[in-house]
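The next block holds one structure in the form of structure tokens; read it before the comments.
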Amino acid sequence: MKASTGTIAMHNKQRFDIWDVVIRLVIILVSLACLLPFVHVIAKSFSADAFVIANKVTLWPRGFTFGAYEKIFQDKSILRSLYISIIVTALFTILGMIITIFAAYPLSRGQLKGRSLFTLIFLFPMLFSGGIIPEYMLINNLGMMDTLWALILPLAFSSFNLLIMKTSLQSGIPISLEEAARIDGANHFRILWSVVLPLSKPIMATLSLFYAAGRWNAYQDSLFYIKQNVDLRPLQLKLYYLVIQSTESFQLEASSVALSNPEVLKASCVVFATLPILCIYPFIQKYFVQGTMLGAVKE
Amino acid sequence: MKVESASLNNETALLPKKQKSTGWLHALRQDWQLYLLLVVPLAFVLLFKYTPMFGLVLAFKKYKIAKGFWGSDWVGFQIFKEIFDKPDFARAVRNTLMLNSLDLLFSFTMPIILALLLSEIKSARFKKINQTFLYLPHFFSWVIIGALAYQLLSQGNGAVNNVLESMGFNRVPFLQEDTHWLFSYLAIGVWQSMGWGTIIYLASISSINPDLYEAATVDGAGRWRKMWNVTLPSIRMTIVTLLILNLGKVMDGSFERIYALTNKATTEYTTTIPVLVYRWGIESGNISRATAVGLFQAVIGLVLVLIANRVAKKLGDEGIF
């Protein structure tokens with residue numbers, strides 16, 4: 001990074017300014033502060049116990065070993081949690097997108113009678129909500145405690161995502177295109193399916209990612225709703241009990257496996273749970289940034 | 001919006017029927033497909049957002065499981081009188097206000113400073129590489145961040161303490177002592193949100209008319225002068241709008257963030273309103289009391305947003321509604 005900084009400064013015709021260097025240094029330092037904690041945990045997860053216990057591992061693994069990861073992959077409950085998280089995230093994202101599109105398309109049509117009333121109904125929850133306990137009671141009364149439905153259904157409607165989708169449909173789809181389709185005899189369903197949706201692919205990608213990332217990372221609702229049925233714990237909740245509370249120990253299959261230092265196991269769990277995000281992060285970052293800017297656009 | 005209403009007028013001009021714009025029956029017949037689409041999201045929003053709002057009446061009832069939601073007795077404001085007398089409630093309100101105000105002070109200002117610095121960078125590549133790292137913490141869950149925090153900051157074997165010790169300092173109980181915990185909590189919040197928070201400001205800065213900078217240069221303004229007199233005033237609207245949104249959350253606060261960073265040694269500042277609601281309602285089963293606390297929080301939050309918006313409008317900005 002430093003090398004590239006140097007060459008660019010050389011190419012610049014402007015005169016040398018010490019502040020350019022200072023500003024770059026500050027930014028690099030902040031970037032490192034964001035990156036290094038994770039590097040440290042990766043290093044720890046690949047290190048031998050003895051070095052970790054002696055506090056010898058900082059940014060590079062010492063006594064390189066896959067031992068901790070072997071143990072994670074032997075722990076059936078962690079793999080099951082990963083599986084639960086994937087299923088829940090996939091279903092939640094699909095349902096969330098269907099709901100968002102079904103609401104955003106009619107609300108973006110100027111001709112819809114009662115449009116402002118519907119918009120108010122859909123967006124008011126951004127300002128005021130029943131809160132933790134009434135929602136908990138509702139889930140309880142619906143008999144969704146200890147089921148995956150409690151993690152899929154309640155948050156599938158999001159006022160915020162709806163607002164983004166609606167704004168995008170209003171500004172992104174040329175009315176003339178839609179009118180042309182109408183003159184050709186297309187009805188609303190057909191226009192939505194063949195005109196609006198194909199033109200909305202970027203915003204749909206963005207919102208799907210919002211839904212998926214939100215679901216993947218949340219653990220509050222699973223902490224509230226998944227109590228008895230420990231088999232249904234999503235990955236983040238499993239991680240919470242394993243790493244933060246340490247109330248649960250790793251279920252090691254065979255006694256032949258020597259117990260690892262819990263710190264190493266915790267580190268490798270963190271890496272394991274973050275890996276899916278890190279793998280797709282470089283590709284999705286762009287969509288997130290776009291979505292965040294759309295979200296900032298006012299009604 | 002304007003374009004749409006214009007096209008609407010064209011349509012009505014083509015079909016000059018007076019009742020068209022008034023009759024629900026006609027609207028239903030013509031746009032039944034649109035209304036049909038709305039049925040699904042309406043069902044979800046009514047069931048999962050509005051039913052809980054209705055459930056807030058439990059704050060005015062003495063809820064007993066045996067009697068159920070409908071059968072429990074009305075008690076007026078008695079529950080509120082009860083909770084206002086509880087020391088835990090006062091402490092939760094104090095902590096919530098304190099943590100959020102401090103958050104506003106640091107987590108709100110740091111992205112502005114960082115965005116100003118980033119906008120000074122001419123090299124697109126340098127910017128992009130650093131932004132990739134700066135945005136990273138935003139994508140981690142609070143469980144992951146909590147785990148990272150303990151790996152780095154714990155007194156016994158945290159990496160930061162190892163480095164401090166090797167440099168000859170004492171080990172610091174970053175997360176194991178109340179005051180230190182408070183600072184760590186704030187620092188972690190800044191760390192998580194700082195990079196991501198720059199996005200909106202950067203977008204706002206990039207839309208500033210370059211002529212303004214040229215004019216300032218001609219007038220002999222240097223880098224900092226331009227930042228202060230051109231950039232900052234130009235993004236003032238964005239800052240005010242985001243401030244309003246954040247002021248409305250001053251009674252709120254993330255349950256997940258607190259809960260992932262809490263441990264038994266630090267209980268002084270960790271009792272916030274969402275934590276208290278969880279503890280009273282879900283852990284201890286005192287539904288009415290917890291609902292009352294939640295209602296108290298939601299009403300104050302709503303009032304705060306509305307007031308802040310009114311103030312912003314008075315100041316000459318557009319506000320958010």
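The chains referred to below are lettered A, B, ... by the order of the sequence lines, with proteins before strands, and numbering in each begins at 1. All values derive from a computational prediction rather than experimental measurement. Keep in mind that the numbers below use all heavy atoms, side chains included, and drop hydrogens, waters and symmetry copies.
- For chain A, the option among B/Trp224, B/Trp280, B/Phe69 with the highest count of heavy-atom pairs below 4.5 Å is B/Trp224.
- Residue contact with chain B, scored on non-hydrogen atoms closer than 4.5 Å, involves the side chain of A/Ile277 exclusively.
- No hydrogens or angles considered: a donor-acceptor pair under 3.5 Å links the side chains of A/Lys44 and B/Gln151.
- Both the backbone and the side chain of A/His188 come within less than 4.5 Å of a heavy atom of chain B.
- Although no hydrogens or angles enter the test, the distance criterion places a donor-acceptor pair under 3.5 Å between the side chain of A/Ser171 and the main chain of A/Thr167.
- The main-chain N or O of B/Trp142 is never found under 3.5 Å from a side-chain atom of B/Arg257 such that the two would form a donor-acceptor pair.
- With a threshold of 4.5 angstrom between heavy atoms, A/Val52 does not approach chain B through any atom at all.
- Using a 4.5 Å cut-off between heavy atoms, A/Ile101 does not touch chain B at all.
- B/Ile121 touches chain A through its side chain: at least one heavy atom from C-beta onward sits under 4.5 Å away, while N, CA, C and O do not.
- The part of A/Leu95 that comes within reach of chain B is its side chain, from C-beta onward, which places non-hydrogen atoms under 4.5 angstrom from that chain.
- If you tally non-hydrogen atom pairs under 4.5 Å between each of A/Leu192, A/Val30, A/Ile98 and chain B, the highest count goes to A/Val30.
- Considering only heavy-atom pairs separated by less than 4.5 Å from chain B, the leading option among A/Ala218, A/Ala273, A/Ala156, A/Ala213 is A/Ala218.
- Among the candidates A/Val57, A/Leu223, A/Val26, the residue making the largest number of heavy-atom pairs closer than 4.5 Å to chain B is A/Leu223.
- Proximity to chain B involves both the backbone and the side chain of A/Tyr219, based on heavy atoms less than 4.5 angstrom apart.
- With a 4.5 Å cut-off on non-hydrogen atoms, A/Leu239 touches chain B through its backbone and its side chain both.
- Both the backbone and the side chain of B/Val299 have a heavy atom closer than 4.5 Å to some heavy atom of chain A.
- Note that CG of B/Asn162 and OG1 of A/Thr58 are 6.5 Å apart. Values are rounded to the nearest 0.5 Å.
- Neither the backbone nor the side chain of A/Lys286 comes within less than 4.5 Å of any heavy atom in chain B.
- Taking the six-membered ring for Trp, B/Phe255 and B/Tyr278 have ring centres closer than 6.0 Å.
- Per-residue heavy-atom pair counts under 4.5 Å with chain B were compared for A/Phe288, A/Phe102, A/Tyr281, A/Trp216, and the maximum is reached by A/Tyr281.
- The part of B/Val40 that comes within reach of chain A is its side chain, from C-beta onward, which places non-hydrogen atoms under 4.5 angstrom from that chain.
- With a 4.5 Å cut-off on non-hydrogen atoms, A/Val289 touches chain B through its backbone and its side chain both.
- No hydrogens or angles considered: a donor-acceptor pair under 3.5 Å links the side chains of A/Gln111 and B/Asp31.
- B/Tyr259 touches chain A through backbone and side chain together, each having a heavy atom under 4.5 Å away.
- At a 4.5 Å heavy-atom cutoff, A/Lys56 makes no contact with chain B through either its backbone or its side chain.
- For A/Tyr136, the part lying under 4.5 angstrom from a heavy atom of chain B is the side chain only.
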